[in-house]
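All values below were derived from every heavy atom in this structure, side-chain atoms included, with hydrogens, water molecules and symmetry-related copies excluded.
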Amino acid sequence: MIVKERLTQVFERELEKHGSDIPKAYMLNHMVCDFAEIVRWWMNNDRYSPEDISRFFFSTTPFA
């Protein structure tokens, strides 16, 4: 299974816990792409800890 498919599954389960008027397909795409990009960004800015990156992600996602 590719990473984006697995992330979609993980985020889909979380989205079911939270109500939103934004289409589910849009939110899933947004979150998967955002997560993939934050990992790519982190690879070029490795002075941040996993906890920092997690905080950055959840500060900019609707699950926070």
Side-chain angles (χ1 to χ4, degrees):
M1 180 177 296
I2 63 172
V3 174
K4 286 188 175 185
E5 288 174 353
R6 180 68 179 126
L7 287 173
T8 298
Q9 290 177 345
V10 169
F11 292 139
E12 190 168 33
R13 284 193 305 265
E14 288 301 314
L15 277 176
E16 291 172 1
K17 298 176 186 177
H18 303 273
S20 177
D21 62 342
I22 299 170
K24 183 178 176 180
Y26 175 85
M27 284 302 298
L28 285 172
N29 183 69
H30 172 72
M31 295 184 75
V32 167
C33 291
D34 188 36
F35 188 86
E37 285 303 314
I38 200 169
V39 170
R40 183 191 324 247
W41 181 86
W42 186 25
M43 292 171 62
N44 293 315
N45 296 276
D46 62 356
R47 70 179 182 266
Y48 295 99
S49 71
E51 293 80 11
D52 289 331
I53 297 303
S54 178
R55 183 174 51 84
F56 298 164
F57 179 74
F58 284 109
S59 292
T60 59
T61 190
F63 299 153

Heavy-atom closest pair, residues Ile22 and Met27: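 Closest heavy-atom pair between Ile22 and Met27: CG2-CG, 3.6 Å.
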For Met31 against Leu15, the heavy-atom pair lying closest together: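 In terms of heavy atoms, the two residues are closest at SD-CD2, 4.4 Å.
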Sidechain-backbone polar pair: Ser54 side chain, Pro50 backbone, donor-acceptor under 3.5 Å: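 Flag not set: sc Ser54 to bb Pro50 has no pair under 3.5 Å.
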Give, for atom [atom1] of [X] and atom [atom2] of [Y], the distance between the pair rounded to the nearest 0.5 Å.
| X | Y | atom1 | atom2 | result |
| --- | --- | --- | --- | --- |
| Ile53 | Phe35 | CD1 | CZ | 9.5 Å |
| Arg55 | Ser49 | CZ | OG | 8.0 Å |
| Asp34 | Thr61 | CG | OG1 | 7.0 Å |
| Arg13 | Gln9 | CZ | CD | 6.5 Å |

Aromatic ring proximity, centroids under 6.0 angstrom, Tyr48 and Trp41: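 For Trp41 and Tyr48, the ring centres are under 6.0 Å apart.
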Student check: side-chain heavy atoms of Asp52 and Phe56 closer than 4.5 Å: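 Yes - at least one pair of side-chain heavy atoms lies under 4.5 Å apart.
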